[in-house]
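Working notes, structure below.
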Amino acid sequence: MPTCKFFKWKIYIMDSLLIKGGVRLDGEVNVSGAKNACLPMFAATLLTDEKCVLKNVPNLSDVRFMADIVKALGAEVSNPVEGVWEIQAKNISHIAPYELVRKMRASICLIGPLSARLHKAEVSLPGGCVIGARPVDLHIKGMKALNCQVEIERGYICIDARRMRGAQMYLGGRFGSTVTGTANVLMAAVLAPGTTVIENAACEPEIADLCKMLVGMGALIEGAGSPTLTITGVPRLGGTQHSVLPDRIEAGTWLAAAAASKGKVLVNGAQKKYLSSFLDILERAECPYEVRSQDSIYIDATNVKLKPVEAVTLPYPGLPTDLQAQICALMTQADGISIITERIYPERFMHVPELARMGANISREGPSAIISGKTKLSGAPVMASDLRASAALVIAALAAKGETHIHRIYHLDRGYDSIDKKLQLLGAKIERLKNSD
Ligand code: EPZ
């Protein structure tokens, strides 16, 4: 890592993306495994001393971070072939240090498995996040409900779980259910003596897939994918092999990109059953799509005249907040006024000023973005601020006239596996500029 010779500062060199807009996307794209399913699954492997094999794992920096974290805790971790990770957590530590946890919020998912397996955990509190306030009070509430002692000390969540036992609890907060909060309590309860009932559990498909993995390890879980999860604790869990479900957020991103570029794209891995709220947006925008199979959707937006929509993000099965920015970018190409309201992270609008730089007529009204279209976007230098905002900038760049230079794309690489290569295969004029930032 180069340093500045005067001040010994480390200089982080990053990639950026150059996209020449106005090209209609054309062809097939394969969706990778779901980031938000496999991150808690890496943590779940700590629940047993036997080997766990995860398949269809996306090639993402977040995945490598999580692998580094479980490795630092003492697990044997290997990645024998692309998409396959083998983890065996024979002897592990209960301490997840700040240096590791600060890199990725999802490492909060360690508190459940470590508490269950080692009856204690010390996990650094995750840092701040640009998308808004992300407290962990519900995670703590859930662990306390399981009769754990929970203290915040030295910036760490310290858990004494020697007397942990199953319990009934309501795990809803101001913004509804919590995804990783549900994952944490679930991963603790699978080894807690007695029965746990989680009311207002997250219903996200990623949680249902985590339940499927845990059941494969020998856990007793009922109600996966529903707001009521019932877990009967067992004395121990074994190893398993699990294939991660496709990423519905990546699938939605490709459908929005195809629509914005007026392209023709078959998205393999797009499962209608998990995308109904997003497909409802396409229907109301009068953007036709065709369900080709259980897990592929075809979109032909060649002659589309997008209509404006009003939409509100909500916990699953509502409209995912992780597709909000992409929908904002798409609606810049609709004839009329769209209102996109964010009910999960009311401040999650870092993409708005950057879209405006490209000529979008977009403004903020409290938790809503007001988008007046259709606007002719023009290529511009823009800055990625977080994962989904950067996906929105890619979509806008595809629809724009001229070249867009997207900086800080490490955000994109956290959640999209080889997005530039996949775009090239769809005919996009895109170039990754190595070490250019
Ligand atoms: C998960 O985050 C996803 N991350 C996020 O995806 C996603 O945006 C979010 O769920 C909502 O769908 C992973 O799965 C790794 P929450 P999580 O706890 O679990 C509030 C992406 O782009 N809350 O469901 O951290 C919270 O502030 C990322 O891939 C509390 O108040 O989200 C938010 O408003 C970004 N107290 C709401 O609940 C708590 O203890 C939902 O948060 C926990 C959450």
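Every value quoted in this text rests on a predicted model; they were computed, and no experiment measured them. Order of appearance sets the numbers: ligands from 1, and atoms from 1 within every ligand.
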Report the nearest protein non-hydrogen atom to [atom]: residue, atom name, distance rounded to 0.1 Å.
| atom | result |
| --- | --- |
| atom 15 (C) of ligand 1 | Asn36 OD1, 3.3 Å |
| atom 9 (C) of ligand 1 | Tyr345 OH, 3.6 Å |
| atom 34 (O) of ligand 1 | Ile344 O, 2.6 Å |
| atom 2 (O) of ligand 1 | Arg134 NH2, 3.2 Å |
| atom 36 (N) of ligand 1 | Asp137 OD1, 2.6 Å |
| atom 18 (O) of ligand 1 | Thr178 OG1, 2.6 Å |
| atom 38 (O) of ligand 1 | Phe175 CB, 4.0 Å |
| atom 11 (C) of ligand 1 | Thr321 CG2, 3.8 Å |

[X] atom [atom1]: more than 12 heavy-atom contacts under 6.0 Å:
| X | atom1 | answer |
| --- | --- | --- |
| Arg174 | CZ | no |
| Lys120 | NZ | no |
| Glu199 | CD | yes |

I'd like to know if Glu250 and Lys422 make a salt bridge, using a cut-off of under 4.0 Å between side-chain N and carboxylate O.
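Judged by the 4.0 Å cut-off on N to carboxylate O distance, Glu250 and Lys422 do form a salt bridge.
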When you check the gap from the basic side-chain N to the acidic O, do Asp280 and Arg284 get nearer than 4.0 Å?
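So Asp280 pairs with Arg284 through a salt bridge.
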Taken to the nearest 0.5 Å, the spacing of Leu319 CG from Glu342 CD works out to 9.0 Å
Is it the side chain, the backbone, both or neither of [X] that has a heavy atom closer than 4.0 Å to ligand 1?
| X | value |
| --- | --- |
| Arg105 | neither |
| Arg348 | side chain |
| Arg388 | side chain |

Are [X] and [Y] linked by a side-chain donor-acceptor pair shorter than 3.5 Å?
| X | Y | answer |
| --- | --- | --- |
| Arg248 | Tyr316 | no |
| Arg64 | Asn59 | yes |
| His351 | Gln326 | no |
| Arg348 | Thr321 | yes |
| Tyr410 | Ser61 | no |

Looking at Lys35, which atoms of ligand 1 are within less than 4.0 Å of one of its heavy atoms?
21 (C), 29 (O)
Atoms of ligand 1 less than 4.0 Å from His139 heavy atoms?
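Answer, ordered by atom number: 40 (O).
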Determine, using heavy atoms of Gly173 and all atoms of ligand 1, whether some pair is separated by less than 4.0 Å.
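Checking ligand 1 against Gly173, which is what was asked, there is no heavy-atom contact under 4.0 Å.
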Does ligand 1 come near enough to [X] that some N or O of the ligand is less than 3.5 Å from an N or O of the residue?
| X | answer |
| --- | --- |
| Ala133 | yes |
| Ala106 | no |
| Gly176 | no |

Name the option, out of [options], that contains the heavy atom nearest to [atom].
| atom | options | value |
| --- | --- | --- |
| atom 30 (C) of ligand 1 | Ala325, Pro126, Pro135 | Pro135 |
| atom 10 (O) of ligand 1 | Val179, Ile249, Thr182 | Val179 |
| atom 5 (C) of ligand 1 | Asp322, Thr180, Leu39 | Asp322 |

Closest non-hydrogen atom pair, Pro113 against Leu46:
CB-CB, 4.3 Å
